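Here's the structure, in structure tokens; my notes come after.
By convention in this document, chain letters (A, B, ...) are assigned in the order of the sequence lines, proteins followed by strands, and residues within each chain are numbered from 1. Values in this document were obtained by computation on a predicted structure and should not be read as measured data.
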There are 2 protein chains.
Amino acid sequence: MRAKISDIAKLAGVSTASVSRVLNHQGGYSRQTAERIMKIADDIGYFKDRSAADLASRHNNTIGVIYTDFETNFNDLIIRQIMTAAKQHQLDVILMIAQQNDPAGLTKIVRGMIERRVFAVQFISTHPSFQIINMLNRANIFPQVIGDATNHQVSSVSSDDTQIGYQATRYLIQKGRRRIGFAGPNVHQDYVPRLRFAGYRQALADSGLSFSPDWLYEENYSYQAGIRAAKYYQQQIRLVDAVIGISDEVSWGLLNGFYDAQVDVPNDVALISIDGTELCQQTRPKLTSVTQDFVTMGEKAIDQVINQRDQPHQITTTTVAFRIDPRETT
Amino acid sequence: MRAKISDIAKLAGVSTASVSRVLNHQGGYSRQTAERIMKIADDIGYFKDRSAADLASRHNNTIGVIYTDFETNFNDLIIRQIMTAAKQHQLDVILMIAQQNDPAGLTKIVRGMIERRVFAVQFISTHPSFQIINMLNRANIFPQVIGDATNHQVSSVSSDDTQIGYQATRYLIQKGRRRIGFAGPNVHQDYVPRLRFAGYRQALADSGLSFSPDWLYEENYSYQAGIRAAKYYQQQIRLVDAVIGISDEVSWGLLNGFYDAQVDVPNDVALISIDGTELCQQTRPKLTSVTQDFVTMGEKAIDQVINQRDQPHQITTTTVAFRIDPRETT
DNA sequence: GTGAAAGCGCTAACAT
DNA sequence: ATGTTAGCGCTTTCAC
């Protein structure tokens, strides 16, 4: 059997209450008993049973973080920051990975988090359904979406995606490009692509450029989608003189796809990527990007979680600034 | 207050025991009560409290997985497989991320896992100290290292790293290369690099080639290390005619570093990478690699964990086969 | 098929 | 500064 506080109490000749107090550094005991208890705990290899502790104290300062093992790779940046910030605030984090396109799986993961009585769950590049958000709300757990806006009622931390689309396009136009492609997921189905696409259309319109439907390549966020997009753009000579890749992965695919087809980037076609992770500096030529500030997102996300703690939950939308980093593909 | 089984019991006019039975699908109740209870549970938004359940049943089928947010990127592959296999075996997984070079942090994470009473903890590309392994053993929790051999007494699942070094070198020699560089971390300090380097030396010796110390570039597993390694190899004209990169990231850095210095890969210098993740097909030219089978590693890791469950723990070493994938850099 | 009751290991009043 | 005691929400014998 594993050691428990009653074992320590017996050995130290004190009550379990005292043991609990010193083990939790709650004060109200003498230095001597404290030391004695600590030593015994150490000697017998005692470890608190968190189930028991959580149950008895009926609170729990852990948050749940769920991310999707996605084609994009900025998750790490956000998660790392969340872990760091959480540590500073003495929060425990439990992490889960959801599979893409597996709503049942996501529901199960969320159930697990509810059963573990976390007080908030953060979704990173994951699309929780309305039902899931509802489930969390009913369970009085704060739901939050990070790095990915949605159209339903949840707190979120993300960039202004319409502006991202707008500024990326504007940048290309200023560079003298006129036939600007847009490669990514379906722009009617998914929310973020829709926003970015709307910004793109607006920028085109504001510059008096008319949009041509064959500039749009719709698939998903992946490298392979980029490869195929490049192939697509090549079928028609001079179809586009620039392309916006919806993620670094797509842009990388575009870059390699064009390279394989011996299209000169940026002379024949300019490229701008959305995300701006390290990857952009690791391609040749290096990718110009709209760079999102994922570190700040992680930080703000924890701030939001802390602020609503022990309060009636409110829906808050935090927007984080982005910038454009010119590199070698424009 | 949150709903609990006693609430359901009251509403259904049964005892909490019955509620517990149906909620856990344990059988021994009529179809009717079952349905009634399920419905009520659903209606009032009941969620089990796992702390209470675990405490009462005094067992727990969750395993802990700890990975380090490393320069290398094969973690995802292993973790994904672990999650999949765990799901099949009805195991719960809790994931934690350790920071590099933060032993205190790792200890804390492991403590957390012990407190949560997981029955096994898996370390992926993480170096648990002897103390940590000991702590787990004393707590009767099965420790396991994946994708990374160590010299101390722990169960592990990994490739045969000496053979990896040997075969990579041999392959290059067969391609007619004679002055073969080796770029990675310190080959005396870290265990895996040491093994691979030993294999490399052996292959050289077996072919009657004598090793030159300036063929060795020691830093770490990162892309930047690769960049600097390429710079280093360039300082002396024709120092090497091939390089082994200890990870895909290092190799990518080497490739780009050589590209930036206008060294022709593979004509001037051939390159072989160790790991063989998707990255190798995403560079131009594509990287030849020693490809490790991370999926199988994840699978075997779970097998190991299952096999020792509820048994006296034994130290098992599982070796997973690798292969060489010739691509464009050799 | 169902219920009563005894804990699981801990925390937190409330005493002293 | 320390002890007593009553739970926390569930599972699990053991009755019936």
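- Under 4.0 angstrom from either OP1 or OP2 of dG3(C) there lies at least one side-chain N or O belonging to Ser18(B).
- Salt bridge present: Lys39(A) and Asp43(A) bring a charged side-chain N and a carboxylate O closer than 4.0 Å.
- The phosphate of dT2(D) (OP1 or OP2) has no side-chain N or O of Ser15(A) nearer than 4.0 angstrom.
- Ring geometry, His313(A) versus Phe142(A): the interplanar angle exceeds 60°, so the pair is classed perpendicular (tilted spans 30 to 60°).
- In this structure, Thr33(A) reaches the sugar-phosphate backbone alone: every heavy-atom distance under 4.0 Å involves primed, P, OP1 or OP2 atoms, never a base.
- Shown are Asp54(B), Asp49(B), Asp92(B); of these, the salt bridge (charged side-chain N to carboxylate O under 4.0 Å, His left out) with Arg116(A) is made only by Asp92(B).
- In this structure, Arg2(A) forms no cation-pi arrangement with Phe47(A), as its terminal cationic atom is not both closer than 6.0 Å to the ring centre and no more than 45° off the ring axis.
- Atom NZ in Lys4(A) sits roughly 11 Å away from atom P in dG7(C) (whole-Å rounding).
- Atom NZ in Lys48(A) sits roughly 9 Å away from atom C1' in dT11(C) (whole-Å rounding).
- Within the nucleic acid shown, Asp54(A) has no heavy atom closer than 4.0 Å to any nucleic acid atom.
- Residue contacts shown for Gly27(B) are absent, as no nucleic acid heavy atom lies under 4.0 Å away.
- As a whole-Å value, the separation of Leu55(A) CG from dG9(C) C1' is 9 Å.
- As a whole-Å value, the separation of Asn60(B) CG from dT11(D) P is 13 Å.
- Closest approach to the Ala56(B) side chain among dA12(C), dG7(C), dT12(D) is made by dG7(C) (side chain taken as heavy atoms from C-beta onward).
- Within the structure, a side-chain polar atom (N or O) of Tyr46(B) is placed less than 4.0 Å from OP1 or OP2 of dC10(D).
- If you check the side chains of Gln144(A) and Gln304(A), you find a donor sitting under 3.5 Å from an acceptor.
- Residue Gly28(B) is the one, among Gly28(B) and Ser57(B), whose nearest nucleotide of DNA chain C lies closer to the 5' end (criterion: closest heavy atom).
- Ile37(B) has its CD1 atom 12 Å from the P atom of dT11(D), to the nearest Å.
- Contact annotation: Ser20(A) side-chain N/O to dC10(C) OP1/OP2 distance is not under 4.0 Å.
- Within 4.0 Å of Ala53(A), counting heavy atoms only, lie sugar-phosphate atoms of the nucleic acid but no base atom.
- With respect to the salt-bridge test (charged N to carboxylate O, under 4.0 angstrom), the residues Arg194(A) and Asp190(A) do not qualify.
- Within 4.0 Å of Gln26(B), counting heavy atoms only, lie sugar-phosphate atoms of the nucleic acid but no base atom.
- Separating the CZ atom of Arg2(B) from the C1' atom of dC10(D) is a distance of 15 Å, rounded to the nearest angstrom.
- Applying the 3.5 Å distance criterion, the base of dG3(D) shares a donor-acceptor pair with the side chain of Arg21(A).
- Taking atom CD1 on Ile114(B) and atom C1' on dG9(C), their separation rounds to 17 Å, with Å as the unit.
- Comparing dG3(D), dT12(D), dG9(D) by their closest approach to the side chain of Ala17(B) singles out dT12(D).
- At a cut-off of 3.5 angstrom, the base of dG7(C) holds no donor-acceptor pair with the side chain of Arg58(B).
- Taking only side-chain nitrogens and oxygens, Ser30(B) comes nearer than 4.0 Å to OP1 or OP2 of dT2(C).
- For the pair His25(A) NE2 and dT11(C) P, the interatomic distance rounds to 12 Å; values are reported in whole Å.
- Using a 4.0 Å heavy-atom cutoff across all strands shown, Arg50(B) reaches no nucleic acid atom at all.
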